[in-house]
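All chains are named by letter (A, B, ...) in the order of the sequence lines, taking the proteins before the strands, and each is independently numbered beginning at 1. None of the values given here were measured: they were computed from a predicted structure.
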2 protein chains.
Amino acid sequence: MTTQEQHKASAGPNEPQQSGEQLRQMLPELNTARPTIAEIARRAGVNKSTVSRALRDDPSIPQATRQRIQDLAAQLNYVPNASARHLNHARTDTIALVSRALNLDTGAGSADPFLVELLAGIADEAASHHFDVLLVRAEEGERELGVYQRILGGRHADGVILTDLRPNDHRLAYLCRHRYPHVLFGRSAEDLAEARLYPYPWAEVDNRSGARIGTEHLIGLGHRRIAFIGGGDTYHWERDRRAGYREALARANLPYDPRLCIPSGISQKDGYLLTQQLLSWEEPPTAIFAISDVLAVGVMRAALDAGVQVGPAFSVIGFDGLGLGSYLTPPLTTLRQPINEVGRILVQLLCAVLRGTPPEEPHVFLQPELIVRASTRGY
Amino acid sequence: MTTQEQHKASAGPNEPQQSGEQLRQMLPELNTARPTIAEIARRAGVNKSTVSRALRDDPSIPQATRQRIQDLAAQLNYVPNASARHLNHARTDTIALVSRALNLDTGAGSADPFLVELLAGIADEAASHHFDVLLVRAEEGERELGVYQRILGGRHADGVILTDLRPNDHRLAYLCRHRYPHVLFGRSAEDLAEARLYPYPWAEVDNRSGARIGTEHLIGLGHRRIAFIGGGDTYHWERDRRAGYREALARANLPYDPRLCIPSGISQKDGYLLTQQLLSWEEPPTAIFAISDVLAVGVMRAALDAGVQVGPAFSVIGFDGLGLGSYLTPPLTTLRQPINEVGRILVQLLCAVLRGTPPEEPHVFLQPELIVRASTRGY
DNA sequence: TAAGCTAACGCAACCGGTTGCGTAGACAAA
DNA sequence: TTTGTCTACGCAACCGGTTGCGTTAGCTTA
């Protein structure tokens with residue numbers, strides 16, 4: 001319970017007056033007796049197997065009988081029991097998404113806007129493949145692998161989508177060892193010794209190219225002292241974006257100044273504080289590349305508070321393409337990730353693995369799109 | 001596929017060169033042969049039933065035997081098959097969340113930031129009750145009820161959480177008729193004829209009180225011509241917020257001017273365009289209550305573009321308490337909804353229903369919290 | 001030593017579908 | 001009438017656990 005005031009329905013306006021006791025008496029028995037195939041068979045005067053076949057439109061059952069049984073089933077509101085079906089087929093037609101963003105204590109502050117977009121893509125594509133989607137919180141430390149054992153070993157799902165990939169991610173070795181079907185959102189095991197033999201597909205947004213393109217955009221505007229704020233060393237996406245930044249500098253023959261490449265947390269507050277520091281330098285940078293839009297928000301607010309006008313002279317660029325970027329003042333230049341698309345593709349790849357027919361091209365790179373707005377271009 | 005450029009891994013930098021063909025050969029057989037209880041029984045030289053009991057720490061099995069079997073199971077990496085268990089127990093220990101926000105085409109523009117917070121609360125609480133969470137897209141029209149039939153009738157989940165409640169929501173009657181366990185995020189069937197007999201719990205944020213408090217905040221600042229932008233007539237939350245606005249006016253003996261209460265879509269663009277109109281009036285309102293934070297963003301941008309300073313003289317207030325509100329210029333006064341908390345409570349309520357022991361108080365109102373920022377107060 | 005009791009475990013049915021195989025019955029051909 | 005064929009459907013095992021009840025071995029008690 002939080003400190004939120006919670007009042008009861010009886011105190012609310014115009015609410016029906018129901019106590020828990022009354023409700024307890026009203027609450028119907030749980031509907032435990034749903035019609036089964038055996039029940040339909042009994043009523044139709046045939047064998048279970050005949051019903052099963054009729055419902056699946058097996059041509060060995062004559063059309064008339066089929067129709068009769070189907071009508072009866074519809075009339076009884078029959079729905080096949082998923083567990084029974086799953087048990088037979090040794091499949092559950094379910095895929096799981098494991099995400100850290102579901103944890104309440106990730107320190108990301110408010111919820112990750114990413115996840116919904118990803119989920120929308122996943123849910124949409126999964127539905128069209130007749131798959132259910134299971135949502136699973138990622139655990140950390142000792143219990144991390146236990147999640148996958150429970151979900152895949154226990155057949156809660158047939159396969160799983162991994163996110164938040166790290167270098168030397170030990171989940172990969174574990175999943176391979178147990179032959180648990182999975183796909184990755186994010187680059188795989190290129191740093192594993194057996195990288196070239198890693199057999200599962202992945203899809204990712206090309207973070208390195210995106211960061212390079214963004215940095216080149218700043219360089220093209222004439223900036224020479226470009227700071228890069230953000231990220232730790234934990235996840236691939238952070239490392240890759242930083243690599244893209246350095247790549248752009250190198251291509252432009254600009255020196256890489258480690259003091260300008262600043263590690264940080266992932267909240268807007270980190271962006272705010274670090275930008276304050278940067279602006280207090282004798283010779284501050286003229287542009288800041290924030291590793292995420294959320295960080296960029298803090299960057300821009302710090303500039304605002306310091307009286308620095310964001311635009312061509314002092315440019316800020318973010319990464320992600322979250323909706324909020326266009327509402328900032330000035331609107332934020334950023335690299336938009338096609339998250340929906342990633343979700344769809346991940347499901348397609350995973351379904352292919354589950355069918356045993358991996359796709360022609362198991363490794364999909366999606367290019368982020370540079371969206372130039374006033375935070376670099378001015379009005 | 002979008003118009004995004006998609007290139008292949010082989011074109012990416014430093015990527016292992018794997019073709020689909022190679023991968024097809026590498027991809028291990030799906031792990032179909034996981035140990036079963038029968039397998040363990042065979043190896044331990046006992047009966048299936050003994051293994052089953054030993055694994056459940058049944059005291060009728062002597063400690064030594066129990067330990068031996070448990071060790072063997074751990075060594076074989078045994079995980080019980082969920083489908084088999086579910087089939088036995090006539091329970092799946094799974095709850096489903098049905099949400100419109102997962103549809104790609106809801107017209108909401110970018111993804112609903114709500115859902116993640118709600119999901120985080122749900123996932124957290126569900127995990128502590130040992131429940132899985134299934135994510136299901138809401139369908140509309142003809143196929144809407146079919147979703148519930150499939151999920152609950154087919155035993156994909158034991159119960160379901162409904163969102164986006166509407167007046168006369170025919171889903172409620174359907175679920176009651178079939179005795180499908182469910183809880184509501186949002187007010188229930190008070191408009192159903194049998195409202196007082198509706199037996200299922202619900203939890204909701206008190207939208208009416210929130211809107212009233214927000215409006216009273218504006219009135220307290222001296223505003224007399226307060227516009228209310230937003231919402232349609234479809235969902236309870238829209239109607240209730242509007243009702244709260246009117247309630248505050250009535251309590252303050254201010255006239256209700258229908259021209260100031262403007263229906264709209266739910267995107268920031270709607271907020272933008274409607275505010276432009278309002279500002280062009282001969283005698284524009286001095287304050288705007290936007291029905292959601294997203295709309296408020298559009299409102300504030302329109303004011304900015306029109307050269308109207310948002311603050312004490314021209315105040316804007318939103319509703320939701322999304323993280324983005326604090327990043328706006330000026331930061332947005334809003335009513336924060338305790339969404340996480342709602343998620344937790346919904347799960348608690350649903351679990352209670354599934355246990356057959358409904359909670360003492362089945363109807364929970366959570367109060368939104370007024371967060372006053374510079375958009376009404378000034379700097 | 002036989003009857004009685006309990007601890008320890010096996011047997012088999014069951015959950016709700018699926019499926020390989022067998023067979024009864026209808027009908028045609030010999 | 002017998003043999004053969006094909007259609008329409010039944011029988012029973014099976015998926016992987018769970019559970020009520022029965023049985024056996026071992027020990028105590030009369």
Less than 4.0 Å between a side-chain N and a carboxylate O, is that true for B:Asp58 and B:Arg56?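 Answer for the salt bridge query: no.
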Looking at B:Arg344 and B:Glu117, is there a salt bridge between them, counting it only when a charged N and a carboxylate O are closer than 4.0 Å?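 No salt bridge links B:Glu117 with B:Arg344.
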Round to the nearest Å and state the distance from [X] atom [atom1] to [N] atom [atom2].
X: B:Leu55; N: D:dG17; atom1: CG; atom2: C1'; value: 10 Å
X: B:Ile61; N: C:dC9; atom1: CD1; atom2: P; value: 6 Å
X: A:Arg34; N: C:dC15; atom1: CZ; atom2: C1'; value: 14 Å
X: B:Arg56; N: D:dG17; atom1: CZ; atom2: C1'; value: 9 Å
X: A:Asp58; N: C:dG20; atom1: CG; atom2: C1'; value: 12 Å
X: B:Arg66; N: C:dA7; atom1: CZ; atom2: P; value: 13 Å
X: A:Asn88; N: C:dG16; atom1: CG; atom2: P; value: 13 Å
X: A:Gln67; N: D:dA8; atom1: CD; atom2: P; value: 16 Å

Overall bend - the helix from C:dT1-D:dA30 to C:dA30-D:dT1, comparing terminal axes fitted on five pairs, nearest 10 degrees: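 Its terminal axes enclose an angle near 80°.
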Angle class for the B:His178/B:Tyr180 ring planes (parallel below 30°, perpendicular above 60°, tilted otherwise)?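 The arrangement is parallel - the two ring planes meet at less than 30°.
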Protein-nucleic acid N or O pairs under 3.5 Å, nucleotides 25-28 of chain D:
none

With sequence neighbours left out, write down each residue that passes side chain to side chain donor-acceptor pair (under 3.5 Å) with A:Asp158, or none if nothing qualifies.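 Expected list: A:Thr92.
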Side chain to side chain donor-acceptor pair (under 3.5 Å) against A:Arg43, all qualifying residues, sequence neighbours excluded: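 Result, side chain to side chain donor-acceptor pair (under 3.5 Å) vs A:Arg43: A:Glu39.
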Is B:Asn81 touching bases, backbone alone, or none of the nucleic acid, heavy atoms closer than 4.0 Å?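 Counting heavy atoms under 4.0 Å across all strands, the contact made by B:Asn81 is with sugar-phosphate only.
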Is a side-chain N or O of [X] found less than 3.5 angstrom from the main chain of [Y], in a donor-acceptor match?
X: B:His156; Y: B:Arg150; value: yes
X: B:Ser83; Y: A:Arg85; value: no
X: A:Arg171; Y: A:Glu144; value: no

Among residues at least two apart in sequence or on other chains, which ones pass side-chain contact (heavy atoms from CB on, under 4.5 Å) with A:Gln70?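 Checked A:Gln70 against side-chain contact (heavy atoms from CB on, under 4.5 Å); matches are A:Leu55, A:Asp57, A:Arg66, A:Gln67.
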Of the residues in residues 38-54 of chain A, which ones touch DNA chain D at a heavy-atom distance under 4.0 Å?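 DNA chain D contact set from residues 38-54 of chain A: A:Gly45, A:Val46, A:Asn47, A:Ser49, A:Thr50, A:Arg53.
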Quick check for you: among D:dG16, C:dT18, D:dC9, whose closest atom lies nearest to any side-chain atom of A:His89?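 Nearest listed nucleotide: C:dT18.
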Is the phosphate of [N] approached by [X] (side-chain N or O, under 4.0 Å from OP1 or OP2)?
X: A:Tyr78; N: C:dG17; answer: yes
X: A:Arg85; N: C:dT18; answer: yes
X: B:Thr65; N: C:dC9; answer: yes
X: A:Ser60; N: D:dT7; answer: no

Over all atoms of both residues, closest heavy-atom pair of A:Phe131 and A:Leu354: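 That would be CE2-CD1, 3.8 Å.
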Return the minimal non-hydrogen interatomic distance between B:Asp164 and B:Asp169, and the atom names on each side.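 Nearest heavy atoms, B:Asp164 then B:Asp169: O-OD2, 4.0 Å.
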Check whether any side-chain heavy atom of B:Leu350 lies under 4.5 Å from a side-chain heavy atom of B:Val347, and answer yes or no.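 Contact flag for B:Leu350/B:Val347 side chains = no.
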